[in-house]
Amino acid sequence: QVQLVESGGGLVQPGGSLRLSCSASGFTLAYYAIGWFRQARGTEREGVSCISSSDNTTYYAASVKGRFTISRDNAKNTVYLQMNSLKPEDTAVYYCAAGRDYYSDFQHLQADEYDHWGLGTQVTVSS
């Protein structure tokens, strides 16, 4: 059974840090692009970051570039999102997703490119 599970969310003060984890079972993450998406209440789901399958190229939304870092540990079948300098506007449910990025025009921060999704983890940035 293909499954993605996010963990590491929580409540943090502005300026703080969190590290989210995305663990897979039933398939090998190394063969997939892994994206992180977030959805705040009343808004659409937005792409935050992605790491490609072939050469680990990373992609970031402008709103998080320089503050978030995505990485993967293939031995642990896990992808991480290190989030630093968190802001209240980063508050959202964060989802990881897996997609096959074997074609050249794969849109790495577009949700409908991804086939497998986790259930999400809540991140709240508040004082």
Query - Ring-face cation contact, Y95 with R38, 6.0 Å cut, 45° max - result: no
Query raised in the report: Is any side-chain heavy atom of V79 less than 4.5 Å from a side-chain heavy atom of L29?
Result: yes
Query - Student check: side-chain heavy atoms of R72 and I34 closer than 4.5 Å - result: yes
Report summary line: Smallest heavy-atom separation, T91 atom then A40 atom, equals O-CB, 3.6 Å
Query raised in the report: Quick check: does any side chain N or O of R100 sit under 3.5 Å from a backbone N or O of Y31, one acting as donor and the other as acceptor?
Result: yes
Query raised in the report: Does the side chain to side chain donor-acceptor pair (under 3.5 Å) test come out yes or no for R19 and Y80, once each step is laid out?
Result: CA-CA 7 Å; R19 188 178 79 157; Y80 303 99; 4.6 Å; no
Requested in this report: Show your working on side chain to side chain donor-acceptor pair (under 3.5 Å) between N84 and Q82 and close with a plain yes or no.
Outcome: CA-CA 7 Å; N84 298 329; Q82 178 67 43; 2.9 Å; yes
Requested in this report: May I ask you to check whether F68 and W36 place their ring centers less than 6.0 Å from one another?
Outcome: no
Query raised in the report: Would a distance-only check, ignoring hydrogens and angles, find a side-chain to backbone donor-acceptor pair under 3.5 Å from D101 to S53?
Result: yes
Report task. Taking the six-membered ring for Trp and the full ring for Phe, Tyr or His, determine whether the centres of Y114 and Y32 are under 6.0 Å apart. Result -> no
Report task. Using modelled atom types only, decide if a donor and an acceptor are shared between the side chain of D115 and the backbone of G99 within a distance under 3.5 Å. Result -> no
Report task. State, yes or no, whether a side-chain contact exists between R67 and K87 at a heavy-atom distance under 4.5 Å. Result -> yes
Query - S49 side chain vs Y60 backbone, donor-acceptor pair below 3.5 Å - result: no
Query raised in the report: Counting only N and O atoms by type, is there a donor-acceptor contact under 3.5 Å from the side chain of Q3 to the main-chain atoms of S25?
Result: no
